[in-house]
Student: 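First the structure, then my questions, so here it is.
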Amino acid sequence: MSFGKFLVASNGGVSVYAAKCGHIDTNVGFIENVERSEAVLIDASFGSFAASKKILSHGTKVIAVFFTHGHWDHIGDGHIFRNLGATTHAHGKDRAFIERPQLMAMFAGIEDELVPCGIDVDVEDGDEVSVGGWLRVSCRWVPGHAAGDLVFYLEDLGCAFTGDTLFAGCIGRTDLPGGDEQLLIDGIKRKILTLPNDITVIPGHGRHTTVGYEKANNEFFA
Ligand SMILES: [Zn+2]
Ligand SMILES: [Zn+2]
């Protein structure tokens with residue numbers, strides 16, 4: 001398992017880490033409140049449970065998982081966290097992929113068994129979710145890579161997790177079910193590139209970037 005812990009942001013006792021987990025280096029977000037011994041995950045790829053043991057403080061409990069979308073490379077360990085008490089959040093349009101991952105397994109080409117993970121909360125575009133009384137997650141629906149792509153903006157921490165919608169210098173593939181390039185580009189323009197320029201963007205794969213850098217340099221938008 002590749003593994004690299006990277007501190008994205010820190011504010012008011014809350015720290016955001018990103019680490020590459022699983023077969024194709026999915027970036028998983030680990031948001032920890034050390035004082036409360038609580039954490040929230042953005043995506044839960046294969047390997048993210050093992051990574052959580054190294055990244056989070058001893059005794060910290062993962063209370064929620066937010067899925068950017070239902071593709072196999074973002075969900076593999078979700079059931080582990082849910083069985084330990086985490087509340088799971090996803091867009092309704094990708095709920096089926098997470099609850100019945102065999103629907104997506106044909107695109108995966110991996111041997112690991114994909115274990116279903118129930119979804120507790122259907123997230124809608126524009127939802128502001130408060131978790132544990134210490135984290136505000138602004139949820140934006142940006143479909144076009146999958147049907148249920150969500151972007152999670154953490155305003156208090158100055159960062160956004162964009163899943164497989166916007167990458168550094170690129171956008172997500174649009175040749176899978178639910179894919180639509182023009183829809184994706186329009187959504188990124190309206191719901192991600194309208195964030196402040198200095199917001200750190202953590203994509204689902206690859207290096208991090210900023211909103212301002214992508215506006216100026218990403219060939220899909222510049
Ligand atoms: Zn994907
Ligand atoms: Zn992915």
Side-chain angles (χ1 to χ4, degrees), residues 1-4 6 8 17-30 41-52 65-79 81 88-117 119 123 125 139-152 159-188 191-192 200-209 214 218 220:
M1 179 185 78
S2 60
F3 182 81
F6 157 64
V8 179
Y17 300 96
K20 297 187 189 317
C21 300
H23 307 71
I24 53 173
D25 282 355
T26 305
N27 291 323
V28 174
F30 299 82
L41 259 62
I42 308 292
D43 284 336
S45 321
F46 287 117
S48 61
F49 182 68
S52 74
V65 177
F66 286 75
F67 292 107
T68 59
H69 62 303
H71 288 167
W72 66 273
D73 55 312
H74 296 257
I75 67 173
D77 280 359
H79 65 104
F81 293 106
T88 52
H89 301 68
H91 193 278
K93 289 203 181 278
D94 272 22
R95 165 189 277 267
F97 287 145
I98 303 169
E99 296 191 329
R100 289 183 288 142
Q102 65 274 20
L103 293 174
M104 200 65 209
M106 69 184 88
F107 299 102
I110 54 160
E111 310 230 324
D112 298 71
E113 191 189 351
L114 285 159
V115 179
C117 174
I119 295 301
V123 176
D125 186 36
C139 306
R140 296 167 180 225
W141 181 44
V142 185
H145 164 70
D149 292 301
L150 288 168
V151 169
F152 302 116
C159 61
F161 287 83
T162 57
D164 290 356
T165 63
L166 175 65
F167 295 122
C170 195
I171 63 170
R173 61 188 285 191
T174 54
D175 59 330
L176 294 170
D180 183 327
E181 182 173 293
Q182 203 51 52
L183 188 66
L184 179 59
I185 289 173
D186 288 347
I188 292 170
K191 296 181 185 171
I192 303 175
T200 301
V201 170
I202 310 295
H205 306 274
R207 62 182 170 80
H208 62 286
T209 181
E214 294 310 309
N218 189 313
F220 287 90

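Index from 1, following the sequence. Keep in mind that the numbers below use all heavy atoms, side chains included, and drop hydrogens, waters and symmetry copies. Counting starts at 1 for both ligands and their atoms, in listed order.
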Student: Provide the atom name of the closest N, O or S atom of H71 relative to the Zn ion (ligand 1).
Tutor: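 Looking at H71, the N, O or S atom with the least distance to the Zn ion (ligand 1) is ND1.
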Student: Between the Zn ion (ligand 2) and D164, which N, O or S atom of the residue is the nearest one?
Tutor: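 This residue's closest N, O or S atom turns out to be OD2.
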Student: Angle at the Zn ion (ligand 1) between NE2 of H145 and NE2 of H69, to 10°?
Tutor: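 The angle at the Zn ion (ligand 1) comes to 100°, rounded to the nearest 10°.
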Student: Can you tell me how far CZ of F152 sits from CZ of F67, rounded to the nearest 0.5 angstrom?
Tutor: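 Going from the CZ atom of F67 to the CZ atom of F152 covers 9.5 Å.
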Student: Take the Zn ion (ligand 2) as the vertex and measure to OD2 of D73 and NE2 of H205; round to 10°.
Tutor: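 If I round to 10°, I get 90°.
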Student: Short question: side chain of H208, backbone of T200 - any donor-acceptor pair under 3.5 Å?
Tutor: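 Looks like no, no N/O pair under 3.5 Å.
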Student: With respect to the Zn ion (ligand 2), please indicate if H74 possesses an N, O or S atom at a distance under 2.8 Å.
Tutor: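 A backbone or side-chain N, O or S atom of H74 is under 2.8 Å from the Zn ion (ligand 2).
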Student: Regarding H71 and D164, is there a side-chain donor-to-acceptor distance under 3.5 Å anywhere?
Tutor: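 The answer is no; no qualifying pair exists.
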Student: Which heavy atom in W141 sits nearest to a heavy atom in A147, and how many Å separate them?
Tutor: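 Nearest pair, atom of W141 first, then A147: NE1-O, 2.9 Å.
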Student: Quick check against the 3.5 Å criterion: does D149 have a side-chain atom that pairs as donor or acceptor with the backbone of T165?
Tutor: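 Such a contact is absent between D149 side chain and T165 backbone.
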